[in-house]
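Everything numeric in this text was worked out from a predicted model, so none of it was measured. We're numbering straight along the sequence, starting at 1. The analysis underlying the following values was restricted to heavy atoms, covering all of them including side chains, and did not include hydrogens, waters or symmetry mates.
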Amino acid sequence: MALRNHSTITEFILVGWSADPHIEALLFVLFLGIYLLTMMGNLMMLLVIRADSRLHTPMYFFLSNLSFLDLCFSSVTVPKLLKDLLSAKKTISVEGCLTQVFFVFITAGTEAFLLSMMAYDRYAAICHPLLYGQMMSNELCVKMVLASWALASLNSVVIVLLAVNLDFCEAQTIHHYTCELPSLFPLSCSDTSINIDILTCSTLLHGFGTIFPIFFSYARIVSTILSMSSTTGRSKAFNTCSSHLIAVILFFGSGLVRYLMPTSGSSLDLLASLQYSAVTPMLNPLIYSLKNQEVKAAVKRTFEKCLHYFR
C-alpha cells in the first residue's frame, strides 16, 4: 500500500452502533433526520445572515463561519455512517480512514478557535462598547478566521503524520462508527506510546489554549454585567452570551471527554463523538435562532421577502 510497504492490511472494518438490521434501520432514520436538520438549519443561518444587512456585524460574521464549519464537520462523518447503516460490509480503506481523521481534526480544530474568538467578540462588545468598532474591525475579523483555519490545518497535518507512520498488521476492526485516532492506536502493532503522548499534548494545548481565552473573556464579562445598575441592561448582556456559552459547553465537553479519556470501545465513546460531530452542529442554529431576537426578526423578514417574491 502507499502509506507503508510493510503494513499488511488495506482497509478497516467499522463496528458501529448495532449489528441488528432492525435497529440499524431505526438508527438510519434518526441520523438522517439529524443530518437533514443540520443542513437545513445551518444553510438557513448562512442565508439569513447573508441576506439581511442588519446582521452584517462581527458577531454574525463569526456565526456564519460557525454555520459553515458545522456543515463541513457533520458532512465528514454522518454520510459515511448513513451508508454503513444500510450496508452489510462496513469497511473503509486505510487512506480513506486517515483522510477522515484529517478532516475531523481540521473542522473541529477550527471550530474550537472560532468559539474562542466569538467569546472575545462578546467581551469587546460588552466590556468596551465605545471601542468595539476599533477592536473588532472587518479586517481583523477576517484575519482571525483565516488564522483559525491555518492553525487547525497545521495541527491536523501533525496529527495525521502520527498515524501515517504506524503499522497495521492484523487487527482491523475499529470499535467505532468513524475513524478517530483514539480508536486507531489500539489496532497498531507499532509502539504507540509516543503517539498517544503527542496526541494528548496536542489536545491539551489546543483545547485549553482555546478554553482559556473563553474563560478570561467571560470572567471580565460577568464582572462587567454585575457592575451594571440597570436590570434590563444585565438581562440583555446575558442573553447575548448565553447562546455562545451553551455552544461552548456542548462542543468542548464532549470533545475533551473523547480525546482525553482512555478509549474503551464502549457506548460512551460513540456518544461523545456523536455529540460534538453531529448533534452539536444540529443544535447550534437552533440555539442561536431561538435565543436571539435579532436572528428571529431576520428570519421573519427573509421569509416574508421570499413569500413576496413567489407571489
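By the rule that hydrophobic residues join a cluster once side-chain heavy atoms approach within less than 4.5 Å of another member, L43 and I287 end up as members of one cluster. A continuous path of hydrophobic side-chain contacts links Y177 to L271 [ILVMFWY only; heavy atoms under 4.5 Å]. Hydrophobic clustering of Ile, Leu, Val, Met, Phe, Trp and Tyr side chains at less than 4.5 Å, counting indirect connections, keeps Y120 apart from L151. The hydrophobic clustering, which links ILVMFWY residues whose side-chain heavy atoms are closer than 4.5 Å, places I249 and I214 apart. Residue L131 is grouped with residue I225 when hydrophobic side chains (ILVMFWY) are merged at heavy-atom distances under 4.5 angstrom, including chains of intermediate members.
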Subject >> Derivation and outcome, side chain to side chain contact (heavy atoms under 4.5 Å, CB included), residues D70 and E111 >> reply: CA-CA 8 Å; D70 282 337; E111 185 155 336; 2.9 Å; yes
Subject >> Working for side chain to side chain contact (heavy atoms under 4.5 Å, CB included), residues F102 and V157 >> reply: CA-CA 7 Å; F102 175 80; V157 170; 4.0 Å; yes
**OP:** Verify side-chain hydrogen bond (donor to acceptor under 3.5 Å, both in side chains) between N284 and S67, making sure each step is shown before the conclusion.
**Re:** CA-CA 8 Å; N284 278 343; S67 292; over 6 Å; no
**OP:** Starting from the C-alpha separation in whole Å, work towards a yes-or-no answer on side chain to side chain contact (heavy atoms under 4.5 Å, CB included) for I174 and C179.
**Re:** CA-CA 8 Å; I174 299 176; C179 287; 4.0 Å; yes
**OP:** Kindly determine whether L71 and L46 satisfy side chain to side chain contact (heavy atoms under 4.5 Å, CB included), including the steps that lead there.
**Re:** CA-CA 10 Å; L71 286 172; L46 287 169; 3.7 Å; yes
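Between L274 and V279, some side-chain heavy-atom pair lies under the 4.5 Å cut-off. Residues Y218 and V248 form no side-chain contact, since every pair of their non-hydrogen atoms from C-beta on lies 4.5 Å or further apart. Side chains of F252 and L115 form a contact here, defined as non-hydrogen atoms less than 4.5 Å apart. Using a 4.5 Å heavy-atom cutoff, the side chains of V104 and T77 are in contact. Using a 4.5 Å heavy-atom cutoff, the side chains of I34 and F31 are in contact. P58 is listed as a side-chain neighbour of Y132, based on a closest heavy-atom distance under 4.5 Å. Proximity of M59 to M136: side-chain heavy atoms (C-beta onward) are nowhere separated by under 4.5 Å. The shortest distance between side-chain heavy atoms of T91 and F12 does not fall below 4.5 Å.
When all heavy atoms of L114 and N65 are compared, the closest pair comes out as CD2-C, 3.7 Å. The minimum heavy-atom distance between L199 and I159, with the atom names listed, is CD1-CD1, 3.7 Å. Among all heavy-atom pairs drawn from R50 and H56, the shortest one is O-NE2, 3.2 Å. Here the shortest heavy-atom pairing between I221 and A119 reads CD1-O, 4.3 Å. Across every non-hydrogen atom of T38 and A278, the tightest pair is OG1-O, 3.9 Å. The two residues K80 and I92 have their closest heavy-atom pair at CE-CB, 4.2 Å.
Between the Q100 side chain and the V76 main chain, a donor and an acceptor come within less than 3.5 Å of each other. Without hydrogens or angle criteria, S202 side chain to I198 main chain gives no donor-acceptor distance under 3.5 Å. Checking side-chain atoms of S223 against main-chain N and O of A219 turns up no donor-acceptor pair under 3.5 Å. At least one donor-acceptor pair under 3.5 Å links the side chain of S153 to the backbone N or O of W149. No donor-acceptor distance shorter than 3.5 angstrom exists from the side chain of H206 to the backbone of N155, with no hydrogens or angles considered.
If you take CG on L286 and CE on M45, they are separated by 9.5 Å, rounding to the nearest 0.5 Å. Atoms CG and OG1, from L14 and T173 in turn, are 9.5 Å apart once rounded to the nearest 0.5 Å. Interatomic distance, OG1 of T280 versus CD1 of I246, reported as 11.5 Å (0.5 Å rounding). Atom CZ of F28 is separated from atom CG of L81 by 9.5 Å, given to the nearest 0.5 angstrom. The SG atom of C141 lies 6.5 Å from the CG atom of D121; values are rounded to the nearest 0.5 Å. Taken to the nearest 0.5 Å, the CE atom of M117 stands 5.0 Å off from the CE atom of M144.
Surrounding CG of L146 are more than 12 heavy atoms belonging to other residues, nucleotides or ligands, all under 6.0 Å away. Remark: F103 CZ is loosely packed, at most 12 non-hydrogen atoms of other residues, nucleotides or ligands lying under 6.0 Å away.
A salt bridge is absent between K90 and E11: the closest approach of a Lys/Arg side-chain nitrogen to an acidic carboxylate oxygen does not fall below 4.0 angstrom.
Within the structure, ring-ring contact (aromatic ring centres under 6.0 Å, His included) pairs that include any residue of residues 61-85 comprise F73-Y276 (at least two apart or interchain).
If you check the side chains of Y123 and T224, you find no donor sitting under 3.5 Å from an acceptor.
With sequence neighbours excluded, the residues forming a salt bridge (Lys or Arg N to Asp or Glu O under 4.0 Å) with K143 are E139, listed by chain and number.
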